[in-house]
Amino acid sequence: IIIDAGPGTGEEHLRAYIKSLGITEFEYAVFTHPHEDHIGGADMIINDFRVNNIIMPDATNNFSAFDRMITAIENSDAEVIEAVSGSRYSVGNIKMTVLAPNSNYYEELNDYSVVIKLEYKNNSFMFTGDAEVLSENEILKRYSKTVLDCDVLKAGHHGSSTSNSKKFV
């Protein structure tokens with residue numbers, strides 16, 4: 001599983017790192033939302049590694065990184081799965097639950113971010129993309145504290161003040 005692919009300027013480093021780990025295939029690639037700093041390397045991931053499934057929101061933009069990603073997807077055998085809150089996926093002992101997006105329309109592209117809770121054995125992680133307070137509040141309304149409880153929270157929106165509300169954290 002890979003969640004996001006960083007900016008296009010980091011493709012070479014990302015490719016080298018993944019190859020150094022001996023990874024040749026991803027069961028799931030999650031592209032949280034179509035901002036360049038999250039999908040800039042997506043085309044490289046899709047073109048250079050086998051990707052079986054791509055989870056992404058129903059959101060677009062007109063940046064070249066998005067166009068490159070869509071072209072790579074069209075030329076691949078990957079199945080594209082629209083991120084739907086509550087959907088569950090697994091790979092071996094890893095369980096993954098989509099917690100957001102929870103609405104069909106947002107004014108801010110960041111709020112389309114796919115939020116994932118990943119569980120492995122007795123450890124749980126939440127990856128929030130750039131989901132902002134609006135999305136965080138939707139998650140809090142939809143899911144119980146038990147579902148949201150996790151060991152590690154990847155700070156939303158790079159730790160920005162538009163995310164990581166006290167209530168959510």
Side-chain angles (χ1 to χ4, degrees), residues 1-10 14 26-46 51 53-70 73 78-91 94-120 123-169:
I1 299 170
I2 187 168
I3 301 173
D4 283 338
T9 56
L14 181 58
F26 293 100
E27 186 61 33
Y28 292 97
V30 179
F31 300 124
T32 60
H33 66 292
H35 274 153
E36 201 279 336
D37 60 329
H38 290 260
I39 63 158
D43 61 319
M44 178 275 296
I45 294 295
I46 297 164
V51 177
N53 301 283
I54 297 170
I55 300 172
M56 54 192 279
D58 184 16
T60 63
N61 76 29
N62 58 2
F63 297 127
S64 62
F66 183 75
D67 293 337
R68 289 191 317 271
M69 179 183 73
I70 294 301
I73 289 170
E79 179 181 347
V80 177
I81 302 167
E82 181 181 343
V84 175
S85 189
S87 298
R88 297 181 59 90
Y89 306 94
S90 63
V91 178
I94 300 170
K95 294 177 183 151
M96 190 168 57
T97 304
V98 176
L99 302 175
N102 284 290
S103 295
N104 294 322
Y105 175 77
Y106 296 100
E107 288 186 25
E108 294 294 327
L109 196 56
N110 287 335
D111 284 319
Y112 284 95
S113 286
V114 180
V115 175
I116 297 285
K117 181 176 181 184
L118 192 141
E119 298 171 89
Y120 177 71
N123 301 298
S124 58
F125 310 83
M126 190 179 304
F127 299 91
T128 59
D130 282 353
E132 296 187 359
V133 173
L134 173 65
S135 180
E136 291 176 354
N137 287 337
E138 289 175 339
I139 293 167
L140 289 171
K141 283 180 187 174
R142 180 165 181 169
Y143 295 99
S144 69
K145 183 179 184 327
T146 304
V147 171
L148 299 179
D149 187 43
C150 62
D151 299 308
V152 177
L153 170 66
K154 185 250 163 215
H157 202 184
H158 316 276
S160 125
S161 62
T162 62
S163 302
N164 312 296
S165 64
K166 185 175 184 176
K167 186 177 178 183
F168 188 74
V169 172

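Given the structure is predicted, the values throughout are model-derived calculations rather than measurements.
- Remark: Ile39 CD1 to Ile45 CD1 distance equals 12.5 Å, nearest 0.5 Å.
- Under a 3.5 Å cut-off, the side chain of Thr97 and the backbone N or O of Arg88 do not form any donor-acceptor pair.
- Expressed to the nearest 0.5 Å, how far CG of Asp111 lies from OG of Ser163 amounts to 8.0 Å.
- Between Tyr106 and His33 there is no side-chain heavy-atom pair separated by less than 4.5 Å.
- In this structure, Ser135 contributes its side chain and Glu132 its backbone to no donor-acceptor pair below 3.5 Å.
- Between Pro101 and Val114, the shortest heavy-atom contact is CD-CA, 4.2 Å.
- Using a 30° and 60° split on the angle between ring planes, Tyr112 and Tyr105 fall in the perpendicular class, above 60°.
- Here the OG1-CZ distance, from Thr32 to Phe127, works out to 11.5 Å after rounding to the nearest 0.5 Å.
- In terms of heavy atoms, Val51 sits closest to Ala29 at CG1-CB, 3.8 Å.
- Side-chain atoms of Thr162 and Asp130, non-hydrogen and from C-beta on, never get closer than 4.5 Å to each other.
- The 12-atom threshold is exceeded at NZ of Lys154, counting heavy atoms of other residues, nucleotides or ligands nearer than 6.0 Å.
- When all heavy atoms of Ala83 and Val98 are compared, the pair lying nearest together is CB-CG1, 4.3 Å.
- Two residues are said to be in side-chain contact when any heavy atoms from C-beta on lie closer than 4.5 Å; Ile46 and Met69 meet this criterion.
- The CE atom of Met56 sits 11.0 Å away from the CG atom of Asp4 when rounded to the nearest 0.5 Å.
- For the pair Lys117 and Asp149, the tightest heavy-atom approach, listed with the atom from each and the gap, is NZ-O, 2.8 Å.
- Shortest non-hydrogen contact noted between Gly40 and Ala65 is CA-CB, 4.0 Å.
- In this structure, the side chains of Asn102 and Val115 stay at 4.5 Å or more apart for every pair of heavy atoms.
- Distance CD1/Ile81 to CG/Asn53: 4.0 Å, rounded to 0.5 Å.
- Within the 4.5 Å cutoff, side-chain heavy atoms of Met96 are placed close to those of Ile55.
- Contact of the Phe125 side chain with the Ile116 side chain is not registered, since no non-hydrogen atoms from C-beta on lie closer than 4.5 Å.
- When the side-chain hydrogen bond (donor to acceptor under 3.5 Å, both in side chains) test is applied to Tyr143, the partners found at least two apart in sequence or on another chain are Ser85.
- Applying the side chain to side chain contact (heavy atoms under 4.5 Å, CB included) criterion to Val133, with sequence neighbours excluded, gives Glu136, Asn137, Ser165.
- When side chains are defined from C-beta on, Glu107 does not count as touching Leu134, because their heavy atoms never get closer than 4.5 Å.
- For the pair Asn164 (side chain) and Gly156 (backbone), a donor-acceptor distance under 3.5 Å is present.
- Here the closest heavy-atom approach between residue Thr60 and residue Leu109 is recorded as O-CD1, 3.9 Å.
- Annotation: the span from Phe31 atom CZ to Ile2 atom CD1 amounts to 7.0 Å, rounded to 0.5 Å.
- For Asn104, the CG atom counts as loosely surrounded, since its 6.0 Å shell holds 12 or fewer non-hydrogen atoms of other residues, nucleotides or ligands.
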